[in-house]
There are 2 protein chains.
Amino acid sequence: MTKSLRRPASDAVDRLLNPKSIAVVGSLREARFGGYVTASNLLRFGYRGKIYPVNPQYDAVLNLKVHPSVKDIPEPVDLVVTMAGAPAVPKIIADSVQNKAKVAIIISDGFGERNADGSRLQQEVDRIAETGGLRLLGPNTIGVANPAIGLITTPYRVTYDKMFTGGVALCAQTGMIGPQNLPLEETHYGLSKMCDFGNKCDLDEIDLLDYLANDPETKVIAMHLEVIRDGQLFLKKAKEVVAQKPVIVLKPGRTRESRKAMASHTGSLAGEDLIYDSAFKQAGVIRVDNLSELIGIPKVLATQPPPRGNRLAIVTISGGVGVMGIDVASTHGLTLAQFSRGTLERLAAVSPVLASNPVDLGPGLPAYQVPGGVASRFPAMIEAILDDENVDCLAMACPWGVRGKIPEVFGALVKRNTKTMAVWAAGPSLAISQEMNRDFEAIGLPTYPDGDTAIKALSVAVRYSRIKAGFTRIREPRA
Amino acid sequence: MTKSLRRPASDAVDRLLNPKSIAVVGSLREARFGGYVTASNLLRFGYRGKIYPVNPQYDAVLNLKVHPSVKDIPEPVDLVVTMAGAPAVPKIIADSVQNKAKVAIIISDGFGERNADGSRLQQEVDRIAETGGLRLLGPNTIGVANPAIGLITTPYRVTYDKMFTGGVALCAQTGMIGPQNLPLEETHYGLSKMCDFGNKCDLDEIDLLDYLANDPETKVIAMHLEVIRDGQLFLKKAKEVVAQKPVIVLKPGRTRESRKAMASHTGSLAGEDLIYDSAFKQAGVIRVDNLSELIGIPKVLATQPPPRGNRLAIVTISGGVGVMGIDVASTHGLTLAQFSRGTLERLAAVSPVLASNPVDLGPGLPAYQVPGGVASRFPAMIEAILDDENVDCLAMACPWGVRGKIPEVFGALVKRNTKTMAVWAAGPSLAISQEMNRDFEAIGLPTYPDGDTAIKALSVAVRYSRIKAGFTRIREPRA
């Protein structure tokens, strides 16, 4: 259902992600799903704009006045969020048009993704909105999030009540990428914006790409795309964006079987997969393989100085793990940095067994496991590595002796650091590793569940630096 | 340093892994590393054999009588564990020979992995032991573990005090695979035996392979091998073992750079990598890519009925994630099961939106998120899938509404189940997912951090079934 003529959407996307007022249409019963949950999520996450619950059966809920319909709200709202049953949606969209609302999120399912009747309903809703100048996200979406203003539209109960601001924009065609399914608070994930496209009857990946390219809070754009509505336009736009900030894409449908499943899931047919690899490559779009990578890899790009080369330093807690790290590095385009004589001397001054790359903490590990004890040695070691002109990036295993002292040990270092770092909080306790990960993320160091993943993330940062340099050279030959 | 003639080692390996008495030689100061830690680990993990701390400066420690040297212990011990400094080791090994000890673990580093002096020292120690009929593990190792008898020789403090018995034997050439570095208790990991080879001056992967092949508690053998001392013999033995139980190998050194690092790390040169892939394949050895896979994939082989085919059912909490699962499945040799009419009817009776493969819990998720509420529906849904003759294996996402009720909901089902299952406890809280994972593992269902990983593990189970069937056909053409 690609539109012949795209309507400019930047104002609508801005209202979608920075609304000053929101109408919430749906059940206001206290439950695990529905309008009550969305309204209470907004309050819990600290949204400061106006919230208008809409339901003919209530007068007030959560200390908010309830209006019987969107058209009864006394001012035009920026955003309508509806989770009413599909058959009720055309009327709600018509009411929203009458309210002069800017944009509506249709959370409800049972549209194009369900069956032919649903497709017809979706077309009807789309027609009402287009005629009335209202833009739509969805249907079949959990909507958007913007931590900076406490915006969260998911109709599902969320087990936490804080999202952290940061440089990663996550867009997806699945509710899996949503605050109700991701441990954003526990992992101190730095998010600029989040958007679930749903069935894309109107707003789509190109509208978000346009907006996020110009969003100063967004440093990296990560998108899960089952269907790309206008492939050529997407690639053209992406290539422009990539000259400024990285675009990471997870594009499922590598096999015939999964493409068939996508058709039934989103109501759209996807193209052959083979063309995507080369098209993404030409556009400088970095393709990742799975959800973990889509969520994890952008962190290093959002928080770290860009690598100036591919020379990797490794700090490991075991020689064997160091070797595995080199395998990952050299199969992903990184090379092991040759430490300068000065660096080797500075490392040897900390401990003679440390004077090599990978730097193996293993033999001296007992000393590093003492809580606090490591605080006196770790900075000198890491600084020696980061100061080396032969080092472009550092994958650092951090033993759990540093637990509780991460801001103190690494805070100042991070502020003046100009190299690309990724961290693995190593240890025999998931709880301790998670606590350390949170502390590292809070001071701006991206964390990964193991050394291999940290190195793979660094390799993507190196790859992006090359892509960007290539694009810039083409554009500015004399710069 | 391959020996020209291998000495039979099964008795020694049995004493190594099932010692009735252990001498612990090293510092008895209360610290984070040393003999005191090993002795107290043994006591904390419930080892019931005799423990003889050895140190000339103490009379008693931890309520155990301390002997001045191993030769003063009044009975021949099964196992000597020494972490004394490298120069002291030849004397300790000579004392152990005099004690008529069966086997010694040399935890100490500073041998072949360090420099030429260390290599000479290692040769000296090896000569003393061989002449005296004493077998050695190490040097430069954290030793072994056997949860069934509370055996744990690591000299590092361990943050927990329980290991769970199970079918996976983990062997490695790195202390990273050791109780002090892995969250074995938190993840309810089912371990039969654990062994860190260290520098392999005597006992090596072939000795362990021989032993574990005949160990009834071991269902899967997983080995990290930087160096294979006798490649041809290893492959010959492995091929024999694979007809009975799976052998999973992580062999680093895929690139020239990592092979160079291995040489300095273990003091041995590794061969070119290319030959390993085909050699492993011929022997039916399954090669994995990283530590996470080495630790995680064996779980499905150790706990689940072997798959009789490659037809996969997927239970997902999001249609988009289901599509990604199909991508993983079809690129790893699995195919999406076609549910029978009867199964579709049974699923539709639970909820009409569930009647397809992947089974998408998404649209009805709120109902499944209610703690306890799902208990009434989940078994009927899973049973319908597992009963289907067109289904060989099931990757199951489990929403966290089942939290706290896992034995009740799945316990009976697991007992009579004949299909291969792998589970992903999906949810927005790491803590809740971990709690659910423990509960699943406790009833014998292997868990994975996401759907993709669960499906990849199932694909390895399918691959092993094919390997085993092929090997059995070759051996028993008329069976």
Side-chain angles (χ1 to χ4, degrees), chain A residues 31-33 109 113 156-160 172-176 179-183 186-187 224 226 252-255 257-258 261-262 264-266 290-292 317-324 326-327 329-331 335-336 356 358 362-363 365-366 369-370 426-431 434 450 452, chain B residues 31-33 109 113 156-160 172-176 179-183 186-187 224 226 252-255 257-258 261-262 264-266 290-292 317-324 326-327 329-331 335-336 356 358 362-363 365-366 369-370 426-431 434 450 452:
Chain A
R32 299 237 156 198
F33 177 94
D109 61 3
E113 85 288 356
Y156 295 97
R157 211 177 70 111
V158 177
T159 48
Y160 50 92
Q173 205 163 351
T174 164
M176 193 59 215
Q180 78 284 355
N181 279 328
L182 297 178
E186 264 174 315
T187 59
H224 158 261
E226 289 201 347
R254 289 198 180 268
T255 67
E257 250 181 335
S258 57
M262 282 200 293
S264 69
H265 159 57
T266 58
N290 53 53
L291 270 183
S292 305
I317 59 163
S318 130
V321 173
V323 168
M324 294 175 214
I326 301 172
D327 261 355
S330 41
T331 52
T335 185
L336 203 60
S356 66
L365 202 59
Q369 299 288 37
V370 182
S429 159
L430 300 177
Q434 284 159 20
D450 50 55
D452 289 8
Chain B
R32 301 237 153 196
F33 177 92
D109 59 4
E113 86 287 358
Y156 294 98
R157 210 178 71 110
V158 177
T159 47
Y160 50 91
Q173 204 164 350
T174 164
M176 193 60 216
Q180 79 284 356
N181 279 327
L182 297 179
E186 262 175 316
T187 59
H224 159 261
E226 288 202 347
R254 289 198 180 269
T255 67
E257 250 181 335
S258 57
M262 281 200 295
S264 69
H265 160 55
T266 59
N290 53 53
L291 270 183
S292 305
I317 60 162
S318 126
V321 173
V323 168
M324 295 175 213
I326 302 172
D327 261 356
S330 41
T331 53
T335 184
L336 203 60
S356 65
L365 203 60
Q369 299 288 38
V370 182
S429 159
L430 301 176
Q434 283 158 21
D450 51 53
D452 288 9

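In this text, all values refer to a predicted model and were calculated from it rather than measured experimentally. Below, chains carry the letters A, B, ... as their sequence lines are ordered, and counting in each starts from 1.
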| task | Determine the option with the most heavy-atom pairs under 4.5 angstrom with chain A, choosing from Gly175(B), Ser429(B), Ala172(B), Pro358(B). | result | Ser429(B)
| field | chain B contacts, top residue of Leu291(A), Asp450(A), Thr331(A) (heavy-atom pairs, under 4.5 Å) | value | Leu291(A)
| said: Strictly distance-based, threshold 3.5 Å: is any side-chain N or O of Asp327(B) a donor or acceptor partner for the main-chain N or O of Pro252(A)? | reply: no
| message | Tell me the closest heavy-atom pair linking Gly253(B) and Ser258(B), and the distance in Å. | response | CA-OG, 3.3 Å
| Any idea which of Thr335(B), Asn290(B), Asp452(B), Asp109(B) has the most non-hydrogen atom pairs under 4.5 angstrom with chain A? | Thr335(B)
| task | Could you look at Ala431(A) and say if it's the side chain, the backbone, both or neither that has a heavy atom under 4.5 Å from chain B? | result | both
| note | Comparing Val158(B), Thr159(B), Thr187(B), Leu430(B) against chain A, the one with the most heavy-atom pairs below 4.5 Å turns out to be Leu430(B)
| field | Spacing of OG belonging to Ser318(A) relative to CG belonging to Asn181(B), to within rounding of 0.5 Å | value | 7.5 Å
| request: Please tell me if the side chains of Tyr156(B) and Pro179(B) come closer than 4.5 Å, counting only heavy atoms from C-beta onward. | output: no
| query | Tell me, side chain or backbone of Leu182(A) under 4.5 Å from chain B's heavy atoms, or both, or neither? | reply | backbone
| field | Residue selection (most heavy-atom pairs with chain A, distance under 4.5 Å) from Gln434(B), Met324(B), Glu186(B) | value | Glu186(B)
| message | Under 4.5 Å from any heavy atom of chain B, what part of Glu257(A) do you find: side chain, backbone, both or neither? | response | both
| Whether Glu226(A) side chain and Gln173(A) backbone form a donor-acceptor pair below 3.5 Å | no
| said: Looking at every non-hydrogen atom in both residues, tell me the closest pair between Thr255(A) and Ser330(B) and how far apart they are. | reply: OG1-OG, 2.7 Å
